[in-house]
Asks: 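Okay, handing you the structure first.
Here, residue 1 is the first one in the sequence, and each next residue gets the next number.
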Amino acid sequence: MICAVALSLIILHRADGGEVIINPAQVTSLRATAGSLGRLAPHGHCLVGLTDGKFVAVIEPCGDVKKLLEGGPAR
């Protein structure tokens, strides 16, 4: 019996230009950094919530992150 597991990861970017590799199965929420959240991530556009309770601030807009999570290309 052969069992294959496909693992697809997405690559996002921090404000300092560094890459963040994320497993889509571990993403719990996306939050735009508008308003008071902007103080938490002044150069980020989206806070990506993870299953471990942590957040990653990325420069990609949440709409683009959502498209990547769904398997489509970002704009």
Asks: Which heavy-atom pair separates Phe55 from Ser29 by the least distance, and what is that distance?
Replies: CE2-OG, 4.0 Å
Asks: Can you measure from CD (Gln26) to CG (Leu50) and round to the nearest 0.5 angstrom?
Replies: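 The distance works out to 7.0 Å.
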Asks: Give every donor-acceptor pair under 3.5 Å between a side-chain atom in residues 14-22 and any protein atom, sequence neighbours left out.
Replies:
unit_1	atom_1	unit_2	atom_2	d
Arg14	NE	Asp16	OD1	3.1
Arg14	NH2	Asp16	OD1	3.3
Arg14	NH2	Asp16	OD2	3.2
Asp16	OD1	Gly18	N	2.9

Asks: If we only count heavy atoms from C-beta on, is the Val27 to Ile10 side-chain gap below 4.5 Å?
Replies: no
Asks: To check you understand the geometry: which heavy-atom pair defines the closest contact between Cys62 and Ala32, and what is its length?
Replies: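 What the structure gives for the nearest pair is SG-N, 3.5 Å.
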Asks: Are the side chain of Glu60 and the backbone of Cys46 linked by a donor-acceptor contact shorter than 3.5 Å?
Replies: no
Asks: Measuring from Leu30:CG to Asp64:CG, what's the distance to the nearest 0.5 Å?
Replies: 11.0 Å
Asks: How close do Ser8 and Pro24 get, heavy atom to heavy atom, and via which atoms?
Replies: O-CD, 2.9 Å
Asks: Do Leu12 and Val56 come within less than 4.5 Å of each other through their side chains, counting heavy atoms only?
Replies: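 Answer no - side chains too far apart.
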